[in-house]
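Notes to accompany the following structure.
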Number of protein chains: 2
Amino acid sequence: MSRSIVLGLNAVIVAVTDEQPRVLAVDSEEGVALPYGPLDPNRHRTLELGLRSWVREQTGLELGYVEQLYTFGDRDRVSGHDERLLSVVYLALGRERSVPLADATWRPIYDFLPWEDWRNGKPGSIDRQLAPGLREWMERVGRTADRRQRCAVSFGLRGAPWDGERVLERFELLYEAGLVLESSPNAGGKSSGRSMALDHRRMVATALGRLRGKIRYRPVIFELLPAQFTLLQLQRVAEALAGARLHKQNFRRLVQRGGLVEGTGALETETGGRPAELFRFRQEVLRERPAPGVGLPGLAS
Amino acid sequence: MSRSIVLGLNAVIVAVTDEQPRVLAVDSEEGVALPYGPLDPNRHRTLELGLRSWVREQTGLELGYVEQLYTFGDRDRVSGHDERLLSVVYLALGRERSVPLADATWRPIYDFLPWEDWRNGKPGSIDRQLAPGLREWMERVGRTADRRQRCAVSFGLRGAPWDGERVLERFELLYEAGLVLESSPNAGGKSSGRSMALDHRRMVATALGRLRGKIRYRPVIFELLPAQFTLLQLQRVAEALAGARLHKQNFRRLVQRGGLVEGTGALETETGGRPAELFRFRQEVLRERPAPGVGLPGLAS
DNA sequence: GTCTCCTATGCTCCTAGTGAGTATAAGTGG
DNA sequence: CCACTTATACTCACTAGGAGCATAGGAGAC
């Protein structure tokens with residue numbers, strides 16, 4: 001049984017609207033799925049171009065910022081295939097807009113990973129379901145020091161701090177423990193989140209973790225915002241991605257003194273309070289600071 | 001011409017000895033090459049296991065710490081192949097030791113990327129050859145604002161700071177400008193560095209950039225050290241990777257007060273001066289701090 | 001108008017961390 | 001005992017970050 005290799009291209013396309021980070025997904029037989037297409041060795045000169053063309057075809061969207069995320073290739077990650085399926089996954093950022101093709105829709109990321117959103121305090125499901133579930137799992141498979149350490153570090157148990165960037169570690173731990181079930185459309189209550197096709201939820205987890213890390217040292221957050229924005233809009237997007245509330249005054253101080261933005265003089269009056277100045281991203285910061293990012297005051301660094 | 005896909009696995013295996021970061025390489029027809037082997041869909045359950053088995057076969061080395069780096073898949077990156085070659089590249093860390101197989105040797109990374117080593121001041125080749133070369137290239141292809149920005153940011157020209165982590169950006173810029181020539185064993189003088197087979201030098205550049213970033217927020221540097229070490233040894237390894245000198249007293253303060261190491265009480269007397277205490281990595285730091293890394297005092301952060 | 005309730009924005013205070021350097025300790029080889 | 005090496009403790013100034021107070025300028029209720 002000499003199997004051939006098929007190379008798939010997947011995109012985790014992220015946008016933030018109404019203070020919710022969202023991912024563009026299509027409907028498939030296996031459930032909610034990321035835009036996908038196989039690499040065509042003849043047509044696609046590069047992997048990224050192949051990805052862009054598949055996304056265009058399936059969602060009508062022309063991608064802007066794109067970066068490679070990870071390549072998944074375990075044999076058992078998808079069942080029932082005759083070929084060996086490898087998937088190269090990309091992260092794309094953009095502003096949400098209506099998508100021409102009807103079956104492509106923007107879904108809130110935290111529907112799939114509800115334990116990652118701490119903006120309204122610690123999600124109750126962590127103490128109610130996930131932590132007990134992990135404990136049960138450890139009883140079942142053996143309470144090794146290594147497993148205890150992983151649980152503590154990933155979920156901030158036993159005095160460890162919560163680290164927003166460990167999204168993937170948390171997902172993989174829950175997966176191992178059988179607390180998130182994939183490939184079964186209606187599996188899991190609200191606690192363990194909505195599932196996706198195949199291992200697409202793992203891809204979303206990878207993307208969120210990477211994005212949370214990256215906004216701190218590269219100005220990628222501006223890919224998610226219009227050309228002009230108020231500082232509160234910027235903060236809301238940062239909070240949506242970080243999944244945590246930030247200290248307002250200090251956030252402003254950081255982005256302004258850090259030279260990331262510059263005022264335009266124009267005012268936004270639809271704020272519901274005092275009008276806010278509109279700002280724009282300051283390109284020159286790239287030449288001035290080695291690692292310009294937004295900084296997340298109020299988070300454990 | 002419907003081409004099939006071949007999936008290659010490459011390893012950038014890094015160790016530090018004699019204050020030099022080194023990469024394990026084998027000799028091939030095209031020149032110095034990274035350990036390589038195609039994925040066997042039947043034998044290799046995961047990509048990482050496939051990689052480990054190829055490295056074992058080609059170098060006799062059993063890998064420890066391994067992480068996925070990047071997947072290269074451009075059509076034109078290798079010429080003369082009938083199939084489309086994709087390469088999934090992994091970064092591996094270890095302590096250097098004699099390698100059973102004779103044609104696998106440890107080569108200094110800075111032989112391939114000499115402009116990355118600033119430990120003895122700014123490498124002269126930057127001002128002598130690379131910067132002028134980039135200028136010429138821009139004259140030739142057009143001096144767009146975007147190109148000027150890339151040059152300035154990557155190489156710290158026109159007042160921009162040098163950012164040690166932008167290894168890949170620098171390499172790609174030099175490659176575009178024709179200042180590093182691959183696939184020609186004797187190309188380039190000392191200035192542009194020794195070349196490697198195919199696009200393997202790009203892989204090494206990717207690995208070095210990732211590693212420089214990672215030691216700051218994950219304690220991976222200890223993978224490169226013996227179980228016990230003096231603080232100066234630790235510092236020398238950090239310097240070797242960062243390609244820069246660090247402030248000694250502040251470096252010690254950072255790793256000690258950061259809880260990354262703990263003294264063993266034992267002394268190392270072969271220092272040539274006052275004996276130094278031997279330290280070991282402190283596992284518990286993982287539970288205490290969200291992003292424990294060594295910190296590089298003296299570098300622009 | 002004026003009161004209340006928004007959000008925006010400026011400023012202060014305190015603490016922890018970082019950059020840079022001085023001083024002292026404890027070995028080695030002559 | 002000397003010069004020289006490396007180790008380690010400590011100081012000082014400065015900056016960045018956490019937390020909160022105070023004021024500014026709009027909208028809507030009355």
Side-chain angles (χ1 to χ4, degrees), chain A residues 19 161-162 216-217 228-239 242 244-280 285 288-301, chain B residues 19 161-162 164 216-217 228-239 242 244-279 285 288-301:
Chain A
E19 310 192 0
W162 178 269
R216 287 163 167 259
Y217 62 92
Q228 303 211 344
F229 46 83
T230 68
L231 293 183
L232 187 57
Q233 282 172 350
L234 176 61
Q235 181 179 345
R236 292 295 180 229
V237 172
E239 289 176 337
R245 290 278 163 222
L246 304 178
H247 186 283
K248 181 166 173 169
Q249 293 92 326
N250 291 345
F251 180 80
R252 312 171 107 265
R253 183 174 60 184
L254 275 177
V255 297
Q256 290 196 278
R257 288 211 329 210
L260 271 156
V261 298
E262 60 189 357
T264 63
L267 292 182
E268 165 67 65
T269 54
E270 310 288 301
T271 53
R274 171 174 168 179
E277 185 170 5
L278 284 165
F279 288 78
R280 74 168 73 90
V285 74
E288 298 162 2
R289 284 173 49 196
V294 290
L296 305 174
L299 284 185
S301 99
Chain B
E19 310 193 358
W162 177 268
R216 287 164 169 259
Y217 62 92
Q228 302 210 345
F229 46 83
T230 68
L231 293 183
L232 188 57
Q233 284 172 348
L234 176 62
Q235 182 179 344
R236 292 293 180 230
V237 172
E239 288 176 336
R245 292 273 163 226
L246 304 177
H247 186 283
K248 181 166 173 169
Q249 293 91 324
N250 290 346
F251 180 80
R252 312 170 108 268
R253 183 174 61 185
L254 275 177
V255 297
Q256 289 196 279
R257 291 214 326 210
L260 271 158
V261 298
E262 61 190 357
T264 63
L267 293 182
E268 165 67 63
T269 54
E270 311 287 301
T271 54
R274 171 174 168 179
E277 185 169 7
L278 285 165
F279 288 77
V285 75
E288 298 161 1
R289 284 175 48 198
V294 289
L296 304 175
L299 283 185
S301 100

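Sequence lines set the chain letters: A, B, ... in the order given, protein chains first and strands last, and positions in each chain run from 1.
- Look at CD on A:Q235: it is 12 Å from P on C:dT7, rounded to the nearest Å.
- As rounded to whole Å, 10 Å separates atom P of D:dT6 from atom CD of B:E19.
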Tabulate atom names and distances for all N/O pairs under 3.5 angstrom spanning the protein and nucleotides 8-12 of chain D.
unit_1	atom_1	unit_2	atom_2	d
D:dT8	OP1	B:E277	N	3.1
D:dT8	OP2	B:R252	NH2	2.4
D:dT8	O5'	B:R252	NH2	3.4

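- Atom pair B:R245:CZ and C:dA20:P shows a separation of 16 Å (rounding to whole Å applied).
- A:E288 meets the side-chain hydrogen bond (donor to acceptor under 3.5 Å, both in side chains) test with A:R282; sequence neighbours excluded.
- The nearest whole Å value for the distance from the CD atom in A:Q233 to the P atom in C:dT7 is 14 Å.
- In terms of the side-chain hydrogen bond (donor to acceptor under 3.5 Å, both in side chains) criterion, B:Q228 has no residue partners (sequence neighbours excluded).
- Whole-Å rounding puts the A:H247 NE2 to C:dC13 P distance at 16 Å.
- Look at CG on B:L234: it is 12 Å from P on D:dA7, rounded to the nearest Å.
- If you take CG of B:L246 and P of C:dT18, they are 13 Å apart, rounded to a whole angstrom.
- Here the straight-line distance linking atom CZ of B:R236 with atom OG1 of B:T230 works out to 9.5 Å at 0.5 Å rounding.
- For the ring-ring contact (aromatic ring centres under 6.0 Å, His included) test, residues two or more places apart in sequence or in another chain that qualify with B:F229 are B:F222.
- A straight line from CG of A:L254 to P of D:dA16 spans 10 Å, rounded to a whole angstrom.
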Check: residues 253-266 of chain A side-chain donor-acceptor pairs under 3.5 Å, at least two apart:
unit_1	atom_1	unit_2	atom_2	d
A:R253	NH2	A:N250	OD1	3.3
A:E262	OE2	A:R280	NH1	3.2
A:T264	OG1	A:A266	N	3.2
A:T264	OG1	A:L278	O	2.8

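- Scanning for side-chain hydrogen bond (donor to acceptor under 3.5 Å, both in side chains) contacts around B:Q235 gives B:E239, with sequence neighbours left out.
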